[in-house]
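In what follows, every chain begins at residue 1, and chains take the letters A, B, ... in the order their sequences are listed.
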2 protein chains.
Amino acid sequence: MPHSTHVTLAQVAAAAGVSIATASRAINGSTRKVSEDIRQRVAQTAEELGYLPNLSAQTVVKGAAPVVAVLVSDIADPYFSSISAGVMAGAREAGLMVTMATSERRSEDELEMIRTFRAQRPRAIIVVGSRQEPDERTAEIENQLQTYRDSGGHVVLISQGPSPFDLVEIQNYDGAKQLAHALVDRGGRSFGIAAGRRSLRTNVDRIAGFTDGLAERGLSLADGAIAEAPFTRDGGFTAMTELLGRREELQLDTVFATSDLMAFGAATAMRSAGVIPGQDISLAGFDNIALAEDVTPALTTVDVPLEEAGYRAVKLALAEDPAPESLQLGTSVILRGSTPQR
Amino acid sequence: MPHSTHVTLAQVAAAAGVSIATASRAINGSTRKVSEDIRQRVAQTAEELGYLPNLSAQTVVKGAAPVVAVLVSDIADPYFSSISAGVMAGAREAGLMVTMATSERRSEDELEMIRTFRAQRPRAIIVVGSRQEPDERTAEIENQLQTYRDSGGHVVLISQGPSPFDLVEIQNYDGAKQLAHALVDRGGRSFGIAAGRRSLRTNVDRIAGFTDGLAERGLSLADGAIAEAPFTRDGGFTAMTELLGRREELQLDTVFATSDLMAFGAATAMRSAGVIPGQDISLAGFDNIALAEDVTPALTTVDVPLEEAGYRAVKLALAEDPAPESLQLGTSVILRGSTPQR
DNA sequence: AGCCTAAAGGAAAACGTTTACCCTATGCAA
DNA sequence: TTGCATAGGGTAAACGTTTTCCTTTAGGCT
């Protein structure tokens, strides 16, 4: 039995002895004015009856829902949840709701979720960094986003340019390069990288930045010094285990994990192999998630303003400017105990 | 310019040469059948035109949105984001979207968000563990949820009974009690608790369970052995610092932090005071969040099936059974290096 | 007094769906 | 042949809003 007990605007209007039109204007405002006494009377009856406007009905006539939709890979991952926190803060400021979906890192789900988003007519769609290498499915996704934007929606991609959409970019390349410099300064000479899949741009950029940073210091990576695995905590464990298998031949003294989460897994992998992170082998991550300073040794990493990225994405989406914009968010190296001077 | 380029059902119907009713039945099914050839033709034109049903319009007539709404305190907190992950999994199985809001642990915001939720006519509202001590505002919140349920909605509270609503409860009391036993078995004698605010039931239960567990072993807490602070990582730091100030008088050998996050903060507080966690003072947490095993020393804690809690909450909300149900999720102690045998 | 304008209320048309109801053709039993 | 059920199409009413007009009233000018 739907439509059961919801109080409708018509009921409020009747109870207040005015027309529906007037009630609407009194409650949700409009260009048109309503005399103060009537406005008050309507507001009061609405309050008494416990009236709540039906958002869907408003959306149908207005053509857009007061909603920003966010697509992330995995909300349990602190990287994404931090960004989400920023999105929610921005949405709240703008008086919008947030609908969220996870793609579980599968592009078929990503496509499906974006179609569902579109059906909701949200004010903006924000897609967070799960961009894969282009294939026919990502093309279709881009297509969906295009037509969504053509129909008046706003699209912002976080950490995955280049693209025709608004971008909030994180300086992965620069950050990784600076990290490389810092690690060399700390005495690192033989490096390994515990990397997430290179199908994700984020990883590609971090690897490239790091490699180039080493090159600028006259160093290079040995063959097999990059171990690739899923971009998760467990992936870090796997990749590190693989690197440790080549420890002698690589003469590993420092490992860069392309995310803090991977670094955590890597540290645990080291310990289970009897290697002490920060002592036997230096370890650095990327992202500076909340817990990076709480582990032992505290993790050297690159600070990324994740929450700000989410926040700015909303602002960008809601800005007037029709020209596609790209926002660069700076990163900064944070040296901690996991990479002592050698 | 709203209503701009969205393809409508009427357009599809026209293009396919059928009535709107038939198009509707062909695309979204119903009790009524549609001949196979027409169904195909409509489906194909819809595809060609890129038709997407307007969810809001459907919601208006159906009376409920295909949505489950989730209210959490802070999505960046791994406790809440893990639960959210479970909710999203459950929602996806049921073919529902998820709209999420954060209360930032303020009950005024909580009230506001719940009203906004209601305006959306979601199929279910799930509120996660931010329940405070009863006051006039929480009463109003309960009120809102009541009338929401009366109008056909489903409400599930996670980790915050007792209440007239469906409940997914986490055995905080039992888990904490078992943890106390285990810590005594490991040789702990003088305990401290770094606790979150007792305005949250979760904390009350965990403290009570732990205290009672100690009592069952003939031990009791000294005066001032409970330090209360915000239920966050920083709160853990604060509470631990406070406990360390009374270290001598308390003869502290073991500290229980009422969440893993607090435990992380507590560990860092120890180290900044020159105390080595797990060696000088044993440390245990609660929740078993993903990173608990990656810190050093690995954190002894109580495993809580967070993701399952979220998942089950959705199932519970969507179940037929009208009688309020309460689901108990078991916990289990996980002993790790932070609480060595003494 | 007469006229015009502005202010503010109401009636009704939209918005994009679903669904109750109506209509026609077809098949089948008597 | 008649009667009748049924399958499957269409028309139009609903859902709860906003907004476009239309209408009335009041007030200010000349």
Side-chain angles (χ1 to χ4, degrees), chain A residues 1-42 45-46 49-67 118-122 151-152, chain B residues 1-42 46 49-67 116 118-122 151-152:
Chain A
M1 51 229 62
H3 313 295
S4 35
T5 49
H6 286 297
V7 179
T8 142
L9 189 56
Q11 298 176 22
V12 174
V18 298
S19 73
I20 299 188
T22 305
S24 169
R25 297 195 261 254
I27 290 183
N28 290 326
S30 79
T31 41
R32 287 282 304 269
K33 266 186 246 163
V34 146
S35 70
E36 184 54 20
D37 52 339
I38 287 197
R39 204 196 54 70
Q40 288 214 358
R41 195 171 64 218
V42 173
T45 29
L49 298 183
Y51 169 75
L52 279 178
N54 183 323
L55 232 45
S56 300
Q58 293 184 320
T59 297
V60 171
V61 31
K62 295 244 185 91
V67 158
R118 288 232 290 136
Q120 251 202 333
R121 312 283 188 258
S151 65
Chain B
M1 48 229 62
H3 312 293
S4 34
T5 50
H6 285 298
V7 178
T8 143
L9 189 56
Q11 298 176 24
V12 174
V18 299
S19 74
I20 299 188
T22 305
S24 169
R25 298 196 260 252
I27 289 182
N28 289 325
S30 80
T31 41
R32 288 282 303 267
K33 266 186 247 163
V34 133
S35 69
E36 183 55 20
D37 51 340
I38 287 198
R39 205 196 54 69
Q40 288 215 359
R41 194 171 66 213
V42 173
L49 298 182
Y51 169 75
L52 278 178
N54 183 323
L55 232 44
S56 301
Q58 295 182 321
T59 297
V60 171
V61 32
K62 294 244 185 91
V67 159
T116 321
R118 289 233 288 138
Q120 249 202 337
R121 311 282 188 258
S151 65

**Prompt:** Do the side-chain N or O atoms of A:S35 get closer than 4.0 angstrom to the phosphate oxygens (OP1, OP2) of C:dA8?
**Reply:** no
On a heavy-atom basis, the closest approach of A:V18 and A:I38 is CG1-CG2, 4.1 Å
Whole-Å distance, B:I27 CD1 to C:dT19 C1', equals 16 Å
Rounded to whole Å, the CZ-C1' distance (B:R41 to D:dG8) equals 13 Å
Rounded to 10°, the angle between the first-five-pair and last-five-pair axes of the helix from C:dA1-D:dT30 to C:dA30-D:dT1 is 50°
Picking from C:dG16, C:dG10, D:dG10, the nucleotide nearest the side-chain atoms of B:T22 would be D:dG10
Value for CZ (B:R25) from CD1 (B:I20), rounded to nearest 0.5 Å, stands at 11.5 Å
Atom NE2 of A:H6 and atom C1' of D:dC15 are separated, to the nearest Å, by 12 Å
Side-chain donor or acceptor of B:R41 paired with backbone N/O of B:A16 under 3.5 Å: yes
- Item | Distance-only side-chain donor-acceptor flag, A:T22 / A:S19, under 3.5 Å | yes
Atom CD of A:Q58 and atom C1' of D:dT18 are separated, to the nearest Å, by 9 Å
Review point. Does the side chain of A:N28 get closer than 4.0 angstrom to OP1 or OP2 of D:dT17 through an N or O atom?
Key: no
Notebook entry, point to check: With a 4.5 Å heavy-atom cut-off, do B:P53 and B:L9 have their side chains touching?
Noted result: no
Per nearest nucleotide of DNA chain D, the residue lying toward the 5' end, B:G17 or B:A57, is B:G17
Original post:
Looking at B:S24, does any N or O in its side chain come under 4.0 Å of the phosphate oxygens OP1/OP2 on C:dT17?
Top reply: no
B:N54 CG to C:dA14 P, in whole Å, measures 18 Å
- prompt: Does B:R32 get its side chain close enough to the base of D:dG9, under 3.5 Å, for a donor-acceptor pair?
  reply: yes
Taking side chain as C-beta onward, heavy atoms only, is B:H6 less than 4.5 Å from B:N54? no
note: A:E36, atom CD; C:dG9, atom C1'; distance rounded to Å ~ 16 Å
When B:R121 and B:A21 are each assigned the nearest nucleotide of DNA chain D, the 5'-most assignment goes to B:A21
So CZ of B:R32 and OG of B:S24: to nearest 0.5 Å the spacing works out to 11.0 Å
Atom CD of B:Q120 and atom P of D:dT17 are separated, to the nearest Å, by 14 Å
Looking only at C:dG10, D:dC15, D:dG10, the nucleotide nearest the B:V60 side chain is D:dC15
Between the CD atom in A:Q120 and the CG atom in B:L55, the distance rounded to the nearest 0.5 Å is 6.0 Å
(Q) Within the 4.0 Å heavy-atom criterion, would you say B:L52 contacts the bases, only the backbone, or no part of the nucleic acid? (A) sugar-phosphate
Under 4.0 Å from OP1 or OP2 of D:dC15: is there any side-chain N or O of A:T8 that close? no
When rounded to whole Å, the CZ to C1' distance for the pair A:R25 and C:dA8 reads 8 Å
Regarding B:I20, tell me which of base, sugar-phosphate or nothing describes its non-hydrogen contacts under 4.0 Å with the strands shown. base
